[in-house]
Undergrad: 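Before we start, here is the structure in question, set down as structure tokens.
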2 protein chains.
Amino acid sequence: MSDDMRFGLSRQATLPGPLRLDGGVLLSPVDIAYETYGTLAPDGGNAILICHALTGDQHVASDHPRTGKPGWWTRMIGPGKPIDPARDFIVCSNVLGSCMGSSGPASINPATGRPWGMAFPVITIRDMVRAQAMLLDHLGVDRLKAVVGGSMGGMQALSWPATFPDRVGAVVVIASTARHTAQNIAFHEVGRQAIMADPTWAGGDYYGGEPPAAGLAVARMAAHITYLSEAGLTEKFGRRLQAREAKSFGFDADFQVESYLRHQGLSFVDRFDANSYLYITRAMDYFDLAEEHGGLLANAFRATRARFCLVSFDTDWLYPTIESRSIVQALNAAGAPVSFVELSSPYGHDAFLLDAPEMNRVVDGFLKGGR
Amino acid sequence: MSDDMRFGLSRQATLPGPLRLDGGVLLSPVDIAYETYGTLAPDGGNAILICHALTGDQHVASDHPRTGKPGWWTRMIGPGKPIDPARDFIVCSNVLGSCMGSSGPASINPATGRPWGMAFPVITIRDMVRAQAMLLDHLGVDRLKAVVGGSMGGMQALSWPATFPDRVGAVVVIASTARHTAQNIAFHEVGRQAIMADPTWAGGDYYGGEPPAAGLAVARMAAHITYLSEAGLTEKFGRRLQAREAKSFGFDADFQVESYLRHQGLSFVDRFDANSYLYITRAMDYFDLAEEHGGLLANAFRATRARFCLVSFDTDWLYPTIESRSIVQALNAAGAPVSFVELSSPYGHDAFLLDAPEMNRVVDGFLKGGR
């Protein structure tokens, strides 16, 4: 394995812009941090864009620089995997609004020379996609062989053919949805309120001081429950106690599931910016692809000739199978070719990030099925 | 309607104790605030104990003194209702650990003359039941015609025949469970961490100053989502915007569901003590009736001759029907008479507090079915 494969080519592009955002603001310049794997073919026909989820980043198949952990989707991307740098030119960029090198609330506002904080403009999933398109222009990629994403990455993947119908040949949407439901919004709102309730959040103006770690950890804990299935939690933890013979009759983490959740919260604050969490959850809550297209989801797909592949997991209660089915129905109504499968997994929403041989077979078969 | 019916007889009993708690502590004295409706029959055979849920109180059928709202179960209790003060002597007491007049962390610790705060002993559902039994002794009620409760009230109702097998003739358990699952514990832990992350919580020593309102509001918001069904939230709010024509591209409550959740959080802090929330959620998480009886739930019911009635709701994902079924199986194994029905409702866990004519018919028929 070459160094390029292990670590990818990690870069940051400063794109001149301006990028006109859905909220009406013109953003300029636009920094986008990204990694690439493999080489763009002379005909440019082997480019695949990977879109990451809420707290993901560009380090899809290479070690994370802060945590040292392997890339978040090495099960899908790598030598011999469905997306293979020996064949494909793979691009993964940090979404607009995030905190791993792309423009976001922690970036410097050129007008003030200080971090944007809450003065950063509210963004949408479509804005993220437009920024990705600007990056692809910069990289000389005119058209994508495929765009692939799970969860919020799937929202971007869906938004791609709707926004740039001629620039993408195939779309893979895993464990995702075409709109956030009231329950989805509610869970995100709890997280945002937890962050904003933390006095160190200080209206988002905490850069240079202590971040609102306690609030962000609570937000992460609440969200994390939605990523796992009830059955998976029971299998993994049940009511087992944490390194004790009996209950403590106190408020320490008696149960393993408490300890696990606390760890999830604490480790998250080391790698993520609280304001980015606010902005990205807002973008997800705003996402309603039908609304962007006259209220009819099928309209989003009428202009594209892309092929679609949808995958859901039977224990995913964050974006349950019914959400994928409604996308499939819209694609059918639009006359777009689509394959869809619901896979069985005990792991809930997070299944797409875990070992899922069937998912890999589905994606592999779909990507090899055409150009 | 007499004043007694409208307002109940609101009282507080100071019971000498000591009450030996499951955690080993001897608590004394034990204050229990309670209301009664109706009159105890000369033979003492018409007493019904109503057990309230996590954030409930003794004001089951009379106006709440702080909020001015009607009692929380006037649909079940009142003239012509399944539980009728013209026939029954109805007792509802504030659980041990709560904040509406019964001993809890906001009460004065006699050893210091100051509020207990986190020095209050950790309690269990069984401790709540033992305190209720002490109150019944005080009231001259030897044996209950029935004990009735929903949610955490159902846990107490289940614990009654297991703890005092000869003191109860009938048990009604609605939308409840015999143990908290990993997911149940996880949601509660998020709420506790939200409270403890609030600097004004100050280790629980905030009495006399500002309470940790922001943390408690976040805890309530997270919990509130679990009380509603996804379908119910969609029906009630969907993605409808809050009194605006279009999205604000900001962080105000754009969606109605956000505004609703914020209101739930804010109004809760006016009526509830954050430390009580910690103690009562802990008691619920500790609840595992099988574990208290050698690991086999049926053992909990072998000594009683009570009849049982269980009701679940099909959209309740907090305590889903499968939890009621496992209780029914244990009752069957113990040879206890039990009737069980799963009712259809769009309202999730909260259905038991709402208008549910079928639930009323089931409870009415069950209570009239025997002594």
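Below, each value reflects all heavy atoms present in this structure, side chains not excepted, and no hydrogens, waters or symmetry copies. A, B, ... follow the sequence lines: proteins, then strands. Residue 1 opens every chain.
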Undergrad: Between B:Asp285 and chain A, with a heavy-atom cut-off of 4.5 Å, which part of the residue counts as in contact: side chain, backbone, both or neither?
TA: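 Both the backbone and the side chain of B:Asp285 come within 4.5 Å of chain A.
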Undergrad: At a 4.5 Å cut-off on heavy atoms, which part of A:Asn184 comes close to chain B: side chain, backbone, both, or neither?
TA: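 The answer is neither part of A:Asn184.
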Undergrad: Answer with side chain, backbone, both or neither: which region of A:Ile123 has an atom nearer than 4.5 Å to a non-hydrogen atom of chain B?
TA: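 Neither part; nothing is under 4.5 Å.
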Undergrad: Which bit of B:Glu291 comes within less than 4.5 Å of chain A, counting heavy atoms only: side chain, backbone, both or neither?
TA: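 For B:Glu291, side-chain heavy atoms alone lie under 4.5 Å from chain A.
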Undergrad: Could you have a look at A:Leu21, A:Leu278, A:Val190, A:Thr200 and say which one has the most heavy-atom pairs with chain B under 4.5 angstrom?
TA: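 Most heavy-atom pairs within the cutoff with chain B belong to A:Val190.
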Undergrad: Would you say B:Arg282's side chain and A:Gly250's backbone share a donor-acceptor pair under 3.5 angstrom?
TA: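 Such a contact is found between B:Arg282 side chain and A:Gly250 backbone.
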Undergrad: For residues A:Tyr286 and B:Phe249, establish whether the separation of their ring centroids is below 6.0 Å.
TA: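 Under 6.0 Å, so yes.
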Undergrad: Using side-chain heavy atoms (C-beta onward) and a distance below 4.5 Å, is B:Pro115 in contact with B:Pro105?
TA: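 No, side chains not in contact.
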Undergrad: Can a salt bridge be assigned to the pair B:Lys247 and A:Asp22 using a cut-off of 4.0 Å between side-chain N and carboxylate O?
TA: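 Between A:Asp22 and B:Lys247 there is no salt bridge, as every charged N stays at least 4.0 Å from the carboxylate O atoms.
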Undergrad: Look at B:Leu233, B:Leu261, B:Ile225 and state which one has the largest set of heavy-atom pairs under 4.5 Å with chain A.
TA: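 Top option by heavy-atom pairs under 4.5 Å: B:Ile225.
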Undergrad: Looking at B:Gly23, B:Gly232, B:Ser229, which has the largest count of heavy-atom pairs under 4.5 Å with chain A?
TA: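 Top count of heavy-atom pairs under 4.5 Å with chain A: B:Gly23.
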Undergrad: Quick check for you: among A:His224, A:Met118, A:Glu189, which has the greatest number of heavy-atom pairs under 4.5 Å with chain B?
TA: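 Going by pairs under 4.5 Å, I would pick A:Glu189.
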Undergrad: Can you say whether B:Phe187 sits under 4.5 Å from chain A via the side chain, the backbone, both, or neither, judging by heavy atoms?
TA: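 Both backbone and side chain.
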Undergrad: Should A:Phe237 and A:Tyr260 be marked as a ring-ring contact (aromatic ring centres under 6.0 Å, His included) after you check the CA-CA gap, both sets of side-chain angles, and the distance that decides it?
TA: CA-CA 9 Å; A:Phe237 304 110; A:Tyr260 169 80; 4.7 Å; yes
Undergrad: Would you mind checking which part of B:Thr124 comes under 4.5 Å of any heavy atom in chain A, side chain (CB onward), backbone (N, CA, C, O), both or neither?
TA: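 B:Thr124 touches chain A through side-chain heavy atoms alone.
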Undergrad: If you count heavy-atom pairs within less than 4.5 Å of chain A, which of B:Thr234, B:Val122, B:Asp198, B:Leu228 leads?
TA: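 It is B:Val122.
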Undergrad: Can you tell which of B:Arg192, B:Arg262, B:His180 has the highest number of heavy-atom pairs within less than 4.5 Å of chain A?
TA: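 The option with the most such pairs is B:Arg262.
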Undergrad: Is there a donor in the side chain of B:His293 and an acceptor in the side chain of B:Asn299, or the other way round, less than 3.5 Å apart?
TA: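 Per modelled atom types, B:His293 and B:Asn299 side chains form no pair under 3.5 Å.
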Undergrad: Could you look at B:Val257 and say if it's the side chain, the backbone, both or neither that has a heavy atom under 4.5 Å from chain A?
TA: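 The answer is the side chain of B:Val257.
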Undergrad: Measuring from A:Gln242:CD to A:Glu258:CD, what's the distance to the nearest 0.5 Å?
TA: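 Nearest 0.5 Å value for the CD-CD distance: 9.0 Å.
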Undergrad: State, with a plain yes or no, whether a side-chain heavy atom of A:Glu323 is found less than 4.5 Å away from one of A:Thr181.
TA: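 Of all side-chain heavy-atom pairs linking A:Thr181 with A:Glu323, at least one is under 4.5 Å.
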Undergrad: Checking A:Thr55 against A:Phe268 for the side-chain contact (heavy atoms from CB on, under 4.5 Å) test, could you report, in this order, the C-alpha distance in whole Å, the side-chain angles of both residues, the deciding distance, and whether it holds?
TA: CA-CA 9 Å; A:Thr55 71; A:Phe268 183 59; 3.5 Å; yes
Undergrad: Please state whether the side chain, the backbone, both or neither of A:Tyr279 comes within less than 4.5 Å of a heavy atom of chain B.
TA: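 Contact with chain B: backbone and side chain both.
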